[in-house]
Amino acid sequence: MPTSHPVLAALYDGALRVAEREFIQPMRRRALAGVRGDVLDLGAGTGANFPVLAEAGARVTAVEPDPHMLRRARRRAAGLGMDVRFAAAPAEELPFPDASFDAVAAMLVLCTVRDPARALAEVARVLRPGGEVRFIEHVRAEGHAAAWQDRLRPLWSACAGGCQLNRDTGSLLRARFARADWEVVRVPFPLCRVLVGSAG
Ligand SMILES: C[S@@+](CC[C@H](N)C(=O)[O-])C[C@H]1O[C@@H](n2cnc3c(N)ncnc32)[C@H](O)[C@@H]1O
């Protein structure tokens, strides 16, 4: 099934403007601190990571399966004067040879991919030895909040392009990589807990 969410893509930057300024951009900077070399931006969306990656001097490749997001990401790259290589592909089938990247940026994307375990297998495959996945991912809450996430999940997913509120992405990262470290950032319901960290 193709990934195509024209309304979400059109509203995405505007809807997140305040949150992006207040807490998402600082998390992007922490997650991407010191990143260098060839960097894959996984599910790049509208290209919100590009300014941070440009400051880092990274050579950026962006994959994004949604054509409406991809168009906006291309526009953002052009506006920043960045030479980004783009591919319209899903994280589960990355069109790159093994060991192609020094780092993979997975920012708010493992919540949305259809098969996160397969996506992480692909991430591990395209990373060079010593490479890292840097991530910001909201994950399943605890206690009552998790139960409410379970109830809200179908509606949220329908409105947010397939985003799953209650995914245990931390366990998936630990299952795939020898090392996975993060800080937990508490944010308001329904996202509740965001992991900011790296794995490799
Ligand atoms: C919440 S947005 C995050 C975008 C961007 N990473 C950011 O930090 O703003 C999730 C993105 O994942 C993309 N996406 C959905 N399914 C995907 C898949 N199977 N592989 C890669 N990206 C996917 C969506 O099109 C969307 O652009």
Side-chain angles (χ1 to χ4, degrees), residues 1-32 35 39-54 56 58 60-77 80 82 84-96 101 103-126 133-139 153 156-167 169 172 185 187 190-191 194-198:
M1 211 205 305
T3 304
S4 177
H5 298 286
V7 176
L8 180 67
L11 297 178
Y12 190 80
D13 286 336
L16 286 184
R17 183 158 291 124
V18 174
E20 189 70 44
R21 191 185 60 224
E22 296 299 321
F23 64 91
I24 303 176
Q25 271 291 327
M27 288 195 278
R28 291 185 197 282
R29 289 182 186 283
R30 285 208 299 286
L32 293 171
V35 84
V39 178
L40 175 64
D41 193 351
L42 196 71
T46 63
N49 290 320
F50 291 174
V52 184
L53 292 170
V60 181
T61 299
V63 286
E64 172 52 61
D66 186 324
H68 308 284
M69 290 286 191
L70 190 59
R71 196 170 64 246
R72 288 172 170 81
R74 285 185 193 280
R75 210 184 295 148
R76 173 132 33 185
L80 291 166
M82 285 175 78
V84 175
R85 176 171 62 142
F86 287 97
E92 295 92 333
E93 290 171 55
L94 295 175
F96 310 111
F101 298 99
V104 173
M107 306 289 163
L108 305 172
V109 67
L110 294 170
C111 55
T112 300
V113 302
R114 285 204 184 89
D115 185 341
R118 188 162 155 210
L120 286 173
E122 279 291 86
V123 167
R125 181 183 68 75
V126 301
V133 53
R134 307 288 192 92
F135 55 85
I136 304 173
E137 294 293 343
H138 65 84
V139 295
R153 188 197 58 78
W156 180 272
S157 175
C159 298
C163 171
Q164 306 297 308
L165 273 176
N166 55 355
R167 223 171 233 178
T169 302
L172 294 171
V185 179
V187 297
L191 298 184
V194 180
L195 309 186
V196 181
S198 67

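In this text the structure is predicted, and so the values were computed from the model without any measurement. Counting starts at 1 for both ligands and their atoms, following the listed order.
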So, taking the atom named CD1 in Ile136 and the one named CG in Leu195, what distance separates them when rounded to the nearest 0.5 Å?
10.5 Å
Does Glu20 pair with Arg17 as a salt bridge, N-O distance under 4.0 Å?
no
For a quick check: using heavy atoms under 4.0 Å, what are the residues in contact with ligand 1, sorted by chain and number?
Tyr12, Arg28, Gly43, Ala44, Gly45, Ala48, Glu64, Pro65, Asp66, Met69, Pro90, Ala91, Glu92, Met107, Leu108, Val109, Thr112, Val113
How many angstroms lie between CG in Leu120 and CD in Glu92, if you round to the nearest 0.5 Å?
10.0 Å
Ring pair (Phe, Tyr, Trp, His ring centres under 6.0 Å) against Phe50, all qualifying residues, sequence neighbours excluded
none
The ring pair (Phe, Tyr, Trp, His ring centres under 6.0 Å) partners of Phe135 (sequence neighbours excluded) come to none
Residues two or more places apart in sequence or in another chain: which of them pass side-chain hydrogen bond (donor to acceptor under 3.5 Å, both in side chains) with Asp13?
Thr46, Arg76
